[in-house]
2 protein chains.
Amino acid sequence: MRIILIYLFRLIHYNSSMVKNSEKILADHNVSITNPRVFVLEVLLENKGPITLDELQSTLKNKVAKSTLYRVLNDLKKINILDEFTSPENQTVVELSLSENDHHHHVFCTNCGEVEDITLSEVFEKQLSDEISNIHKTSKYLIKEHTLELIGLCSSCK
Amino acid sequence: MRIILIYLFRLIHYNSSMVKNSEKILADHNVSITNPRVFVLEVLLENKGPITLDELQSTLKNKVAKSTLYRVLNDLKKINILDEFTSPENQTVVELSLSENDHHHHVFCTNCGEVEDITLSEVFEKQLSDEISNIHKTSKYLIKEHTLELIGLCSSCK
DNA sequence: ACAGTAAATGAGAATAATTCTCATTTATTT
DNA sequence: AAATAAATGAGAATTATTCTCATTTACTGT
């Protein structure tokens with residue numbers, strides 16, 4: 001009985017701090033706090049990393065209407081805390097990007113389809129930003145962002 | 001009159017050499033030579049660079065059925081001479097990739113939506129492949145390919 | 001805390017994108 | 001040139017995404 005109570009306590013505490021987090025994020029971006037937005041953010045926060053749209057949909061199946069899920073994702077994109085990209089297998093993948101300095105890239109596994117974050121060395125990131133400065137000097141483009149995606153095999157499939 | 005004849009001669013010559021090209025590409029990859037495949041390849045060859053699916057569709061509107069266009073594009077992907085990617089505005093973009101050594105990246109203009117090819121410096125490409133070797137040494141991933149995409153403003157929109 | 005107002009949601013219809021089906025046509029082999 | 005296998009066209013079927021509108025929910029000022 002005591003174990004069950006401890007479990008329940010932890011569960012409640014965990015969830016309430018989670019909700020707080022989601023609510024704070026929404027409030028910080030001047031977006032009204034609604035159940036669907038909180039539910040979606042909770043899943044994205046718990047997941048911590050890229051997640052396919054399919055997975056997100058099935059996780060939230062009975063909590064958020066399909067049309068609302070699309071709307072919420074667009075809301076999050078609009079306030080710039082959600083990245084969306086397409087995997088080599090043409091799956092839509094989304095990922096929370098809360099802090100600007102949390103710069104990273106993605107690895108797609110061609111075998112199992114998983115997507116993971118990878119952080120490249122500071123040396124290389126410096127070399128990349130140097131290359132972009134060179135583009136600014138020598139070409140007509142003005143580069144504001146970039147994405148670098150690596151495609152290969154993950155540890156399980158290697 | 002002579003000018004018209006010269007023009008016609010050039011047009012016919014140009015087109016016939018074009019067809020030859022497309023046919024050779026298909027033959028080289030053990031794919032049967034059919035009208036839809038030749039038409040699609042012609043447009044991709046003439047265009048020389050990334051092209052949106054919409055543009056491709058409207059160019060071939062009365063020559064190739066919609067379903068066949070999708071099939072042909074899948075055929076070309078299967079024989080590894082076509083790359084497909086999604087622009088930041090969620091437009092599907094395809095591009096012929098005939099030679100392996102023609103390594104380049106893309107610039108997306110956030111204003112007009114255009115996509116162009118860009119070749120990065122050899123120095124940087126070397127730095128990038130070094131970084132990937134480091135990943136092989138220090139992480140569990142095996143990287144086989146990568147894509148680097150730059151997002152910003154093109155010359156006209158800058 | 002409460003009424004009034006604006007915004008967000010759910011359910012499903014509408015639209016867009018992609019794949020599938022199958023009868024007919026076209027290419028390849030002999 | 002005939003036989004066989006593969007590819008195509010047309011549109012149906014499926015899937016992905018956006019839209020509509022009646023109802024519900026969140027925010028504002030008191």
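We name chains A, B, ... by the order of the sequence lines, and we start the count at 1 in each one.
- A residue-by-residue look at A:Thr68 and A:Asn90 shows that A:Thr68 has its nearest nucleotide of DNA chain C further toward the 5' end.
- Atom C1' of nucleotide C:dA8 and atom CG of A:Leu76 are separated by 14 Å, given to the nearest angstrom.
- Comparing D:dA26, C:dT9, D:dG9 by their closest approach to the side chain of B:Ala65 singles out D:dG9.
- Atom P of nucleotide C:dT26 and atom CG of B:Asp75 are separated by 18 Å, given to the nearest angstrom.
- The separation between B:Asn30 atom CG and C:dA27 atom P is 17 Å, rounded to whole Å.
- Residue B:Tyr70 places its side chain closer to C:dA17 than to any other of C:dA17, D:dC27, C:dT28.
- Exactly one residue among B:Ile25, B:Leu76, B:Leu98, B:Ile81 makes a side chain to side chain contact (heavy atoms under 4.5 Å, CB included) with B:Leu44. That residue is B:Leu76.
- Nearer to the 5' terminus of DNA chain D, by closest-nucleotide assignment, is the contact made by B:Val64 (compared with the other of B:Val64 and A:Leu53).
- Place A:Lys66 and B:Ser67 on DNA chain D by their nearest nucleotides, and B:Ser67 ends up nearer the 5' end.
- Between A:Thr119 and A:His103, the closest heavy-atom pair is CG2-O, 4.2 Å.
- Between A:His104 and A:Glu95, the side chains place a donor N or O and an acceptor N or O closer than 3.5 Å (distance only, hydrogens not considered).
- Here B:Asp130 pairs with B:Lys126 in a salt bridge; the nearest charged N to carboxylate O distance falls below 4.0 Å.
- Counting non-hydrogen atoms under 4.0 angstrom, A:Arg71 reaches a base of the nucleic acid.
- Between A:Ile33 atom CD1 and C:dA6 atom C1' the separation is 17 Å, expressed in whole Å.
- Separating the CG atom of B:Leu69 from the P atom of C:dC20 is a distance of 16 Å, rounded to the nearest angstrom.
- Separating the CZ atom of B:Phe39 from the P atom of D:dA7 is a distance of 17 Å, rounded to the nearest angstrom.
- Distance CD1 (B:Ile79) to C1' (D:dA7): 15 Å, rounded to an integer number of Å.
- Looking at the side chain of A:Thr92, the nearest of the listed nucleotides C:dG10, C:dT18, D:dT17 is D:dT17.
- An OP1 or OP2 oxygen of D:dT8 is reached within less than 4.0 angstrom by a side-chain nitrogen or oxygen of B:Thr34.
- We find that CD of B:Gln91 is positioned 14 Å from P of C:dA16, with the value rounded to whole Å.
- The nearest heavy atom of DNA chain C to B:Gln57 and to A:Val31 marks one nucleotide each, and the one closer to the 5' end goes with A:Val31.
- Residues A:Cys154 and B:Tyr141 approach most closely at CA-CD2, 3.7 Å, considering heavy atoms.
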